[in-house]
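To start, the structure under review is shown below, and the notes come after it.
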Amino acid sequence: MNEIQSLRGTVDILPPQSSLWNEVERKVREHFERYGYENIRTPIIEQSELFMRSIGEDTDIVEKEMYTFSDRKGRSVTLRPEGTACVVRAALQHELLGQKIRKFYYMGPMFRYERPQAGRQRQFHQLGVEMFGTYSPLADAETISMMVRLFEMLGLKGVSVNINTLGDKESLEKYRGVLRERARANFDKFCPDCQRRLERNVLRLLDCKVPSCQEIFKNDLPSIKDCLSDEAKLHYETVLKTLDDMGISYVEKPQLVRGLDYYTHTIFEVTHNSLGSQDALGGGGRYNDLVESMGGSPTGAVGFAIGEERLMIALAAIKKAEESVPATDLFMVSMDEEAIEENLVLSDALRTLGVSVAVLPEKASVKSQFRQANASMSPYVLIRGGDERAKGVWNLKDMKNSTQREVTKEEALAFFKEKIK
Ligand code: AMP
């Protein structure tokens with residue numbers, strides 16, 4: 001075994017799973033683009049302050065999970081733990097937000113120093129979207145429906161949508177008051193983190209991962225609905241009604257708060273029963289105050305992020321990956337050493353046409369080459385040896401019906417050009 005191993009909580013994505021990842025990412029890209037989203041790629045490393053200000057200083061992510069360190073000039077930098085803050089930073093820096101609605105999607109690695117377990121890693125990947133420039137509840141419904149339809153498009157059955165609202169500032173302040181009062185009465189039962197956060201950021205008590213803390217409010221949670229302003233109530237009701245009209249089922253979950261500070265109004269999470277205790281496939285919500293708090297103009301916004309590893313688990317990654325090993329259009333067999341170079345030269349011309357070709361650059365037994373040709377699932381094999389050289393041809397074998405015929409270089413190029421059309 002190698003002395004140097006990958007870091008705990010990081011994972012190499014190897015073939016054949018990597019081809020399933022590529023396939024899923026391709027479909028996801030197409031899906032997001034159908035809804036008018038444009039790709040954005042932000043750096044993996046950012047100033048630490050970005051996340052402290054946006055995600056919130058009392059959250060688990062910022063307090064315990066960030067990969068934060070000083071660079072060589074002593075500046076505090078952080079490997080991004082999520083994408084929203086980065087997209088907001090980029091959108092403000094490059095003045096992408098204005099009068100019209102802007103929609104961005106991203107995919108890539110995120111970093112959180114968590115205890116690794118099934119479905120929880122320290123480097124993981126997210127597929128995410130952010131829509132800026134609208135306060136409409138219909139945008140929330142569209143965002144949720146886009147997520148649900150994405151899973152359907154990928155053939156993933158059995159997802160559940162949990163939904164809640166945090167209302168506007170006024171509603172949330174009222175709710176925090178009610179919650180704080182209730183929490184104070186149970187102060188001794190909470191873990192030290194919750195006790196510390198109670199006065200500073202009481203909402204975080206609802207997403208504490210300590211089981212005994214979760215028990216406290218389990219059957220006795222004050223309802224946010226009692227605290228909602230008329231406007232916030234109407235917003236939420238409109239989201240639910242639109243989902244009903246779209247035929248999207250959901251479960252209202254009053255205890256859902258999500259672990260980041262920037263949410264307002266609608267929040268949601270999608271779970272899948274194949275995922276065990278880490279059952280959240282993805283989540284998101286509206287964040288109307290974030291852009292302004294980061295120095296921009298008031299801008300309504302809504303988005304979500306999906307965990308790619310969990311998506312792959314839910315899609316029963318391994319089994320499907322084996323099925324989806326991409327077949328090359330053609331495998332080239334070299335019967336003698338001279339043929340290796342001749343095949344390489346022809347493969348170069350074929351690939352320029354867009355044909356995918358497998359060819360070995362070194363000597364191997366003919367038997368082994370045919371074994372690999374079969375495994376590659378290529379529908380055609382081109383064979384070159386002494387006999388073919390003497391005639392100036394290749395033998396083209398159709399693997400499906402086992403027929404074989406001789407073709408010149410030009411005929412081979414014309415044949416495959418036609419095939420891949
Ligand atoms: P969040 O940004 O916390 O709302 O996470 C969104 C989604 O990312 C979750 O629902 C998970 O699917 C995924 N996720 C978050 N943290 C991890 C992690 N440590 N390992 C794997 N996936 C994660």
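For ligands, and for the atoms within them, numbers begin at 1 and follow the listed sequence. Predicted model only: the values in this text are computed from it and were never measured.
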Distance-only donor-acceptor check, side chains Asp168 and His235, under 3.5 Å
no
Just verifying a value: how many Å separate Ile61 CD1 and Leu260 CG, rounded to the nearest 0.5 Å?
4.0 Å
For the residue pair Asn22 / Ser19, report whether a side-chain donor-acceptor contact shorter than 3.5 Å exists.
no
Where does ligand 1 get N/O contacts under 3.5 Å from the protein, atom by atom?
{"residue": "ligand 1", "atom": "2 (O)", "partner": "Arg112", "partner atom": "NH2", "Å": "2.8"}
{"residue": "ligand 1", "atom": "2 (O)", "partner": "Gln126", "partner atom": "NE2", "Å": "3.3"}
{"residue": "ligand 1", "atom": "3 (O)", "partner": "Arg112", "partner atom": "NH1", "Å": "2.9"}
{"residue": "ligand 1", "atom": "3 (O)", "partner": "Arg112", "partner atom": "NH2", "Å": "3.4"}
{"residue": "ligand 1", "atom": "4 (O)", "partner": "Arg258", "partner atom": "NH1", "Å": "3.4"}
{"residue": "ligand 1", "atom": "4 (O)", "partner": "Arg258", "partner atom": "NH2", "Å": "2.3"}
{"residue": "ligand 1", "atom": "5 (O)", "partner": "Gln126", "partner atom": "NE2", "Å": "3.4"}
{"residue": "ligand 1", "atom": "8 (O)", "partner": "Gln126", "partner atom": "NE2", "Å": "3.1"}
{"residue": "ligand 1", "atom": "10 (O)", "partner": "Ala280", "partner atom": "O", "Å": "3.2"}
{"residue": "ligand 1", "atom": "10 (O)", "partner": "Gly282", "partner atom": "N", "Å": "3.3"}
{"residue": "ligand 1", "atom": "12 (O)", "partner": "Ala280", "partner atom": "O", "Å": "2.9"}
{"residue": "ligand 1", "atom": "12 (O)", "partner": "Leu281", "partner atom": "O", "Å": "3.0"}
{"residue": "ligand 1", "atom": "12 (O)", "partner": "Gly307", "partner atom": "N", "Å": "3.3"}
{"residue": "ligand 1", "atom": "19 (N)", "partner": "Glu114", "partner atom": "OE2", "Å": "2.7"}
{"residue": "ligand 1", "atom": "19 (N)", "partner": "Gln121", "partner atom": "O", "Å": "2.8"}
{"residue": "ligand 1", "atom": "20 (N)", "partner": "Gln121", "partner atom": "N", "Å": "2.9"}

Validation row, ring centre Tyr35 to ring centre Tyr105 under 6.0 Å:
no
In this structure, is the centre-to-centre distance between the rings of Tyr250 and Phe268 below 6.0 Å?
no
Not counting sequence neighbours, which residues clear salt bridge (Lys or Arg N to Asp or Glu O under 4.0 Å) with Glu215? List them please.
Lys218
